[in-house]
Structures are given as C-alpha cells and as structure tokens.
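Here is the structure we will look at.
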Amino acid sequence: MRFSYPFRNCTVKNKFMAITVFGLILIVWFGNFSHSVGEIERRSVNNDLFNEIENLKRRVQELEHGQKVYPEVKFLNVKDRKRILITGGAGFVGSHLVDRLMIEGHEVTVVDNFFTGRKRNVEHWIGHENFELLNHDVINPLFIEVDQVYHLASPASPPNYMYNPVKTIKTNTIGTNNMLGLTKRVRGRLLLASTSEVYGDPEIHPQNEDYWGHVNPIGPRACYDEGKRVAETMCYAYHRQDGTEIRVARIFNTFGPRMHLNDGRVVSNFILQSLQDQPITIYGEGKQTRSFQYVSDLVDGLIRLMNSNYSMPVNIGNPDEYTIGDFAKIIKGLVGGNRKESQILQELKTILGWSPKVQLEVGLNRTIEYFRNELRRTTLDGRHFTKLPGGA
Ligand SMILES: NC(=O)c1ccc[n+]([C@@H]2O[C@H](COP(=O)([O-])OP(=O)(O)OC[C@H]3O[C@@H](n4cnc5c(N)ncnc54)[C@H](O)[C@@H]3O)[C@@H](O)[C@H]2O)c1
C-alpha cells in the first residue's frame, strides 16, 4: 500500500489556506472540549454544593422535629418533681438557677419581660419537655399552677434600676404582690430575691439580719432599696395574714458568666478595662472593701433556703471582704495571664483568708472568658455557652 501526502499537487497558497482552516478547526474543537471540561467541573462543584445543602436541610429537619440535643437532666418521679416558676429567669442569676433546677429534673417555667434578661441565656432549654418560657411582665397578674416560686424579677445593677425608677418600684411592689397572690392561691412557697441594699448606707459592719438598715427614702437608689424593703414587708404581711410560705434571701454582690457587660459595678468594669488594655479606674485609694460571691455559690444558697424550714431573712454572700485595689490587681493579673493560679490562691488565703467553694480565681477566669467571647462576638452564631453544672 502506498501512502500519499494529501497536499502533494496543491500550490503553496492553497497549502497555506488548508493549514489555516485545519488550525481553526482544531481551535474550535479544543474550545468546545475545554468548555465541556469546565462544565463537568462546574457540575461536580454543583454536586458538592447540592450535597451540602441536602445535609443542611436534613439537619434543619432534625431540629424542627425536636431532635435538639439538650444538657442531660435527671429523671425525678412525680413525688419528687416540682413545678417551679422563676420570675426574671432569663437574667444573670435566674438563668443559672434555671440550669441547676432543670438538671435536677424539675419542671421549670420562666417568666421574664426581657428588660435586662436575654432569651439566649436560656435558649439551650427551649423546646425541652420540662421547660417553658413566658414573655410576661410581673406587674400584670399571672395564673399558672406551680409548687414553688423563685421571685427574681427586678433590675439589679444601678444603671438598670435607675433607668426607669418608677418601673423599678412597680416591679418590686406590684410585681411582688402579684407573685405572692399567685403563691397564696396555689398554696405554694415563694422565695424573694432581696438584696443587701435593704441595709442602705449601713452604720454597722458587717450587717447581720437583725439590722434594720439606714436608707435614704428619697435618694436616687431608693427606687431599688425601698422597693425591695416593701417587697420584704409584703412577704411577711402575706405570711402573717394568710399563712403563705415565704423565704427571703438578702443577696450580696455576685459575679459570673452571663452578668451584664454594662453592669457598672467593679467586677465587670475591671474585667472590661483589663481586656481592652485600659487602665483600671479605682476611685480614691482603693482601700474600700467589698465582698463577691460566684453565681453558683449563690444558686446553692437559694435552693437550700427555699427547701429549708427557715422563714426569716437570710444574708447570702461571701463573708470576707477585701480591698478594691487588691481585687483590681488580681483581675489584671488573670487577664494578662502573668500570674499563676496557685500564687494568687496563696495570696488570697493569706491576705483575705478566703477559701470559698468556687475559688475566686476560678470564678473570675470563667467570667473573663465569657466577657472575652462577648467582646469578640460579631454574629448571632458566635455564642458562648457557659458550661452547665454537672459538666453538661
Ligand atoms: N446580681 C447581684 O449581685 C444581685 C445582688 C443583690 C440582689 N440581686 C437580686 O437578684 C435578682 C436577679 O438579679 P440579676 O443580677 O440576675 O439581674 P438581671 O437584671 O440579670 O435579671 C433580672 C431579670 O428580671 C427581669 N425583669 C425585670 N423586670 C421585670 C418585670 N417587670 N417583669 C418580668 N421580668 C422582669 C429582667 O428582664 C431580667 O431577666 C434581682 O431581684 C436582684 O435584685 C442580685
């Protein structure tokens, strides 16, 4: 067989044209080929996206059908399980109390008007069969069936309670009257979250529960101090007149995760200033003393008091006071990470003689971590879930 060259009899010009046409055909063919490769790649990317979207859809469906993962709760049988109402349960202290009572296996209803509280403080329980969240203002009557009422609804920090003093008084008087009325109707028991502020500007130190206080009834803090004093008076009036079971906790300064960044008191101020590398503001020489308790110690105290037989007021706080100057130094050291915990503990034991259940530096580290996360947070998703009691 003889192989012949196709353009053997053509002129140079024709050969050139033939090669050009052939080249163009090659270019068009290659273009189509690469287009199809791109198309295939695009399809595979689309497939990946499609799979991703399908996975997300499945996840959303799981969530919609109640397969949310909740912290583990104990099972209490009907004899031991209580129906518990927590007013102000979406706030700082209230939400920690919710966590503890839920984990113990009780049925918890939170009533909150979200003035200072946040839904996200309790969102990890939303949808749980033992949990209910009601958007309700306690200055309006409430009719529900419960065994115990922890009445915490009230702004607690000076900027919050002075923001609307009339509302603060109404919440503490009309609101407390409504909750006492509810407790009386259901023959339950109410614990009032009162405050060390009922002692006002005390003339004696430390104040025990027999001290009647030294309060200016017309000062800027009176809406809170006097509001709580009337709330206590109401509790004992219901108790004497109708035999309503009451407990009164006079709470001292408390700190921990979920406390307000704008709380305006030393713990939040010092942590914020340290985290933002600003100098810590200390009024005077820093020799004035304060006491601070970690929120889980307070929650322990509240639950113990509620379930005790003791109906007179009880101070709940850390008995040991220490100077603002020392406190500022400790926070600065913890935020900077340049002081060992054991060194701090030793200092606290010798200077302050304090060894609480949750040691100060442990509590402060948890609070600092919460504040750090809150400052970094730029999206709704960037949340910080506080470790729940029991490691849940
Ligand atoms: N945190 C402390 O150091 C401290 C000290 C002494 C007493 N207390 C008392 O403990 C309780 C809780 O304090 P906290 O630090 O958690 O404060 P917080 O502001 O975080 O919580 C108070 C909660 O009550 C809610 N609330 C306010 N007014 C309401 C109303 N009219 N109806 C329904 N809900 C309402 C708020 O939205 C918030 O969720 C308060 O009664 C406070 O007086 C706290």
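Counting convention: from 1, in listed order, for ligands and their atoms alike. Below, all heavy atoms of this structure are taken into account, side chains as well, without hydrogens, waters or symmetry copies.
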Determine, using heavy atoms of [X] and all atoms of ligand 1, whether some pair is separated by less than 4.0 Å.
X	answer
Lys228	yes
Thr87	no
Ala90	yes
Arg265	yes
Asn253	yes
His260	yes

*Among Asp112, Val111, Asn164, which one has a heavy atom closest to atom 25 (C) of ligand 1?*
Asp112
*If you measure from atom 8 (N) of ligand 1 to every heavy atom of Phe92, Tyr224, Phe252, which option wins on shortest distance?*
Tyr224
*Under-4.0 Å heavy-atom contact with ligand 1, by part of Thr116 that carries it*: both
*Given that the side chain starts at C-beta and the backbone is N, CA, C, O, which of these parts of Ser194 lies under 4.0 Å from ligand 1, counting heavy atoms, or is it both or neither?*
backbone
Taking [atom] as the reference point, the nearest protein heavy atom with its distance:
atom	answer
atom 16 (O) of ligand 1	Val93 N, 2.8 Å
atom 40 (C) of ligand 1	Leu152 O, 3.2 Å
atom 44 (C) of ligand 1	Ala156 CB, 4.0 Å

*asked:* Could you check whether Asp80 pairs with Lys74 (Lys NZ or Arg NE/NH1/NH2 to Asp/Glu carboxylate O, under 4.0 Å)?
replied: no
Taking distance alone, with no angle check, do [X] and ligand 1 share an N/O pair under 3.5 Å?
X	answer
Val138	yes
Gly89	no
Thr171	yes

*With side chains defined as the heavy atoms from C-beta onward, is the minimum distance between Val149 and Leu191 less than 4.5 Å?*
no
*Heavy-atom side-chain contact between Arg247 and Leu192 under 4.5 Å*: no
*Residues in side chain to side chain contact (heavy atoms under 4.5 Å, CB included) contact with Tyr211, at least two apart in sequence or another chain*: Tyr199, Pro202, Glu203, Ile204, Gln207, Asn208, His214
*Can you tell which of Arg221, Lys228, Arg250 makes a salt bridge (Lys or Arg N to Asp or Glu O under 4.0 Å) with Glu197?*
Arg221
*Quick one: which residue pairs count as a side-chain hydrogen bond (donor to acceptor under 3.5 Å, both in side chains) with a foot in residues 174-187, not counting sequence neighbours?*
Glu145-Arg185, His151-Thr176, Asn177-Tyr238
*Assign the ring pair Tyr294 / Phe255 to parallel, tilted or perpendicular, where the plane angle (0 to 90°) is split at 30° and 60°.*
perpendicular
_Centroid separation under 6.0 Å, is that true for the rings of Phe292 and Phe252?_
no
_Within the 4.0 Å heavy-atom shell around His136, which atoms of ligand 1 are there?_
32 (N), 33 (C)
*Under 6.0 Å from the CZ atom of Phe114, do we count more than 12 heavy atoms belonging to anything else shown?*
yes
